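Position 1 is the first residue of the sequence, and the numbers go up from there. The basis for the numbers below is simple: all heavy atoms, side chains too, and nothing from hydrogens, waters or symmetry mates. Treat the numbers as computed from the prediction; the structure is a model and nothing was measured.
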Amino acid sequence: MTVDQSLDFSAIADDLTALIASNRLVLPGVPEVASRVRQAAAEGSCDAAQLATIVSADPALSAHLIKVSNAVALRREQEIRNVRAAVTRLGFRLTAMTVTSFSILQMMAVAGSRQARVRQLYQHSVRVGELCRLLAQNHPALVPEDALLLGLVHDVGVLAILQYVRRSSALQVPDTLDELIRRLHAPIGAAMLRAWHFPAALADAVAAHEDWQRDHPGPAPDYADLLIAANFHAHRGSGHPMAALDPDTLPALRRVGPLPEMNAHAAQQIQALCGSEASA
């Protein structure tokens, strides 16, 4: 691998973090409405009608939410025809998760020449979200819907880095870009989640998810353990460095426990919520 040895990765990380904190790194496809929905749902500061009013300010998001709520895997007897009914069917947590998925799908749609890379990233994120939700069901302190959201956004820092390097041809050299992503996507992703008012526990988990040997006192897993374990299972059988690790050496796997089986209906639900079925 050929990487420019003169690059100051720490300075790049500081620059990126400052741009995110000051809202000067513009990520195409991140609507203000989606941020307001996530914040309102997290704070519990409104009812279903009020949350629906926020969603309705974005026609494309409104149509997507209705479509998702009518997906085969989520459908009940009555067809959903308006945003308020969609919010009621999905609930606040899944509504927030769905609008986040929509935002990331929009980012992917404008990825330009790197669209194939970003699509692969999204597919991996959906898989990790699926595994996070499944693993969280065994631990009462971890919320499965939050776990699904965590998996979906855990690599969002890659999108910020891809946007950042557009200003410098030197940073777009493949080996250099790969090294930037490897070193910085976790802390930059956490900075993005904090700027988007995500719960601190989820932002902290994203910051720590590349620390595979991370350990902490106590037997109960936290969201970072969940994310590390889900990534390990997602990478098994691949050429990723994590696939070569001995699972017995990973504290996160010890805390999280074995991977339960997922039934087909649950998998369909997750695909629908993450947009795959709804956008097909």
Using the rule given for salt bridge (charged side-chain N to carboxylate O under 4.0 Å, His left out), can you reason through Arg255 versus Asp215, listing the C-alpha separation, both sets of side-chain angles and the distance that settles it, and then say yes or no? CA-CA 10 Å; Arg255 288 192 176 85; Asp215 205 351; 2.7 Å; yes
Verify side-chain contact (heavy atoms from CB on, under 4.5 Å) between Leu171 and Tyr164, making sure each step is shown before the conclusion. CA-CA 9 Å; Leu171 296 180; Tyr164 179 82; 3.9 Å; yes
Judged by atom type as modelled, is there a donor-acceptor pair below 3.5 Å linking the side chain of [X] to the main-chain atoms of [Y]?
X	Y	answer
Thr249	Leu245	no
Arg127	Ala234	no
Gln163	Ala160	no
Asp15	Ala11	no
Ser62	Val83	no

With His154, which residues qualify under ring-ring contact (aromatic ring centres under 6.0 Å, His included), at least two apart? His124, His209
Could you tell me whether the side chain of [Y] reaches within less than 4.5 Å of the side chain of [X], counting heavy atoms only?
X	Y	result
Asp146	Pro199	no
Leu227	Cys132	yes
Val156	His185	no

Does Asp225 come within less than 4.0 Å of Arg214, counting only side-chain N to carboxylate O?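 Looking at Asp225 and Arg214, the cut-off is met.
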Looking at Arg117 and Asp178, is there a salt bridge between them, counting it only when a charged N and a carboxylate O are closer than 4.0 Å?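 Between Arg117 and Asp178 there is a salt bridge, with a charged N closer than 4.0 Å to a carboxylate O.
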Reported CG-to-CG distance for the pair Leu149 and Leu202, which is rounded to 0.5 angstrom: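 Here the interatomic distance stands at 6.0 Å.
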Inter-residue atom distance Phe102.CZ - Leu61.CG, 0.5 Å rounding: 5.5 Å
Should we count CG of Asp8 as having more than 12 external heavy atoms under 6.0 Å?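 Above 12, so yes.
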After noting the C-alpha distance and the side-chain angles of Val126 and Glu130, does the key distance pass the side-chain contact (heavy atoms from CB on, under 4.5 Å) rule? CA-CA 6 Å; Val126 170; Glu130 180 180 62; 5.5 Å; no
side-chain contact (heavy atoms from CB on, under 4.5 Å) involving Glu145 - partner list, sequence neighbours excluded: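 With sequence neighbours excluded, Glu145 shows a side-chain contact (heavy atoms from CB on, under 4.5 Å) to Arg93, Leu94, Arg133, Val143, given in chain and number order.
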Return the set of residues passing salt bridge (Lys or Arg N to Asp or Glu O under 4.0 Å) with Arg84 (not counting sequence neighbours), or none when no residue passes.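 By the salt bridge (Lys or Arg N to Asp or Glu O under 4.0 Å) rule, Arg84 matches no residue at all.
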Audit row: Leu16, Leu25, side-chain contact (heavy atoms from CB on, under 4.5 Å) steps and yes/no: CA-CA 8 Å; Leu16 259 168; Leu25 183 71; 3.9 Å; yes
Could you please spell out the steps behind the side-chain contact (heavy atoms from CB on, under 4.5 Å) verdict for Phe198 and Thr100? CA-CA 11 Å; Phe198 271 64; Thr100 300; 4.1 Å; yes
